Amino acid sequence: MLKQFALMFLGLLAITACGTGEKGGANAAPAAPATPGHEWQLGSDYMLIDPRVPTSTGDKIEVTEVFSYACPHCAHFLPFMEELKTKLPKNAQIVLVPAVFNPSWEPFARAFYAAKSMGVLDKTHQALFDALHRDHLPYSDLQSLASGFYANQGVNPANFLSTAGSFVVDSQIAHGNQLVHDYGVSATPTLIVNGKYRVELNSDKHIGPAEAVEIVLQLVKQESVAKK
């Protein structure tokens, strides 16, 4: 399934990220593979976040993906996130933070937090990416998401709208926005390791989705050693 999903978007990987103030991404050449045993370098391949941003995963190493359902490049990146999940050690945990770079992205951030609160996120996460970027269904606001997508997933539309517009979700949106700012994120998808390191897709540096996964795994290993 993941291989099929990745192949579906292979021809589109020349565009790597959705940035602030834009709906598309930066034109980019395909990333060149790193040589075996390559050590990724701080300041060139990944960036230090200073000051460090507090994590929410206790003793576990936090790996955060800043994403948006509105971003096609996050849809392209989804198989690589699934690969990363299978490769992370047990002392690491993935956290998702939806970005709101413009008003049109806010309904999707609210949908994420509502789905998480209602216990349906595992069921709906990939399905919403598929609906938007594979099937090109016209879900662009909370009402269409509620009556169309989430209703089709067995979620009561009224309950979804109530949750998405709640004070709790308002607070989560504000907290997510602050995290995105503190991380220094300007494009999606971006990965953050333990609140300390920012990993961005960048064709000029030959960092594509596969390379980003390798960098994160190196940093998680590095953080694991530092904890001992």
Side-chain angles (χ1 to χ4, degrees), residues 15-22 25-26 28 31 34 38-71 73-74 76-78 80-85 87-102 105-106 108-109 112-113 116 125 171-228:
I15 299 176
T16 59
C18 295
T20 53
E22 60 184 35
H38 178 77
E39 282 289 322
W40 303 97
Q41 300 299 315
L42 175 64
S44 57
D45 301 319
Y46 60 93
M47 306 305 292
L48 180 69
I49 299 171
D50 187 20
R52 178 185 181 184
V53 179
T55 60
S56 61
T57 53
D59 292 335
K60 291 194 173 184
I61 296 166
E62 184 177 276
V63 177
T64 303
E65 182 194 11
V66 179
F67 80 102
S68 174
Y69 291 121
C71 171
H73 317 299
C74 296
H76 308 161
F77 192 63
L78 188 58
F80 296 93
M81 282 301 297
E82 293 300 317
E83 176 190 351
L84 179 59
K85 287 179 185 179
K87 292 183 175 180
L88 283 176
K90 292 182 179 179
N91 68 331
Q93 180 176 335
I94 289 177
V95 172
L96 301 176
V97 174
V100 182
F101 287 153
N102 60 69
W105 284 23
E106 185 171 322
F108 299 105
F112 168 82
Y113 289 120
K116 186 176 181 180
H125 187 62
S171 299
Q172 290 171 325
I173 292 281
H175 179 62
N177 289 345
Q178 187 63 53
L179 285 175
V180 171
H181 174 270
D182 293 346
Y183 291 147
V185 172
S186 60
T188 54
T190 293
L191 298 172
I192 308 297
V193 178
N194 229 19
K196 294 171 63 175
Y197 303 110
R198 185 175 64 250
V199 181
E200 302 168 334
L201 278 65
N202 187 318
S203 64
D204 292 337
K205 298 178 180 179
H206 300 300
I207 299 172
E211 289 73 30
V213 168
E214 290 181 11
I215 295 169
V216 168
L217 291 172
Q218 175 182 305
L219 292 173
V220 168
K221 182 178 181 181
Q222 177 179 309
E223 289 294 288
S224 297
V225 171
K227 280 180 173 287
K228 294 180 180 178

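Because the structure is predicted, anything quoted here is derived from the model rather than measured. One is the number of the first residue; the rest follow in order along the sequence.
Atom NZ of K205 has more than 12 heavy atoms from other residues, nucleotides or ligands within 6.0 Å.
The structure places CD of E62 at 9.5 Å from CD1 of I192, a figure rounded to the nearest 0.5 Å. For the atom pair NE2 of H73 and OG of S68, the computed distance is 11.0 Å after rounding to the nearest 0.5 Å. To the nearest 0.5 angstrom, L42 atom CG is 5.5 Å from L48 atom CG. With values rounded to the nearest 0.5 angstrom, T64 atom OG1 is found 9.5 Å from Q93 atom CD. A distance of 11.5 Å separates NE2 of H76 from CG of L201, quoted to the nearest 0.5 Å. Between L84 atom CG and L191 atom CG the span is 7.0 Å, to the nearest 0.5 Å.
Checked against side chain to side chain donor-acceptor pair (under 3.5 Å), S224 has the following partners two or more places apart in sequence or in another chain: N91.
Checking side-chain atoms of Q218 against main-chain N and O of W40 turns up a donor-acceptor pair under 3.5 Å. A donor-acceptor pair is defined here as one N or O able to donate and one able to accept, closer than 3.5 Å; no such pair exists between the side chain of K85 and the backbone of I94. Judged by distance alone, with hydrogens and angles left aside, the side-chain atoms of Q41 form a donor-acceptor pair with the main-chain N or O of E39 at under 3.5 Å. A donor-acceptor pair under 3.5 Å is absent between the side-chain atoms of E106 and the main chain of V100, judged by distance alone. Remark: side-chain polar atoms of E211 are paired, donor with acceptor, to backbone N or O of G208 under 3.5 angstrom. A donor-acceptor contact shorter than 3.5 Å links the side chain of R198 to the backbone of Y183.
In this structure, A99 and W105 approach most closely via the heavy-atom pair O-CE3, 3.4 Å. The minimum heavy-atom distance linking V95 with T57 is given by the pair CG2-CG2, 3.7 Å. Nearest heavy-atom pair across V63 and V216 is CG1-CG1, 3.9 Å. Across K227 and D59, no two heavy atoms sit closer than the pair NZ-O, 3.4 Å. Shortest non-hydrogen contact noted between V213 and F80 is CG2-O, 3.7 Å.
Residue pairs satisfying the ring-ring contact (aromatic ring centres under 6.0 Å, His included) criterion with at least one member in residues 41-69, sequence neighbours excluded, are listed as follows: Y46-Y197, F67-Y69, F67-F112, F67-H125, Y69-H125, Y69-F129.
In this structure, Y113 and P98 have side chains that are in contact, with non-hydrogen atoms separated by less than 4.5 Å. Looking only at side-chain heavy atoms (C-beta outward), K196 and L219 stay at 4.5 Å or farther from each other. The shortest distance between side-chain heavy atoms of N194 and R52 falls below 4.5 Å.
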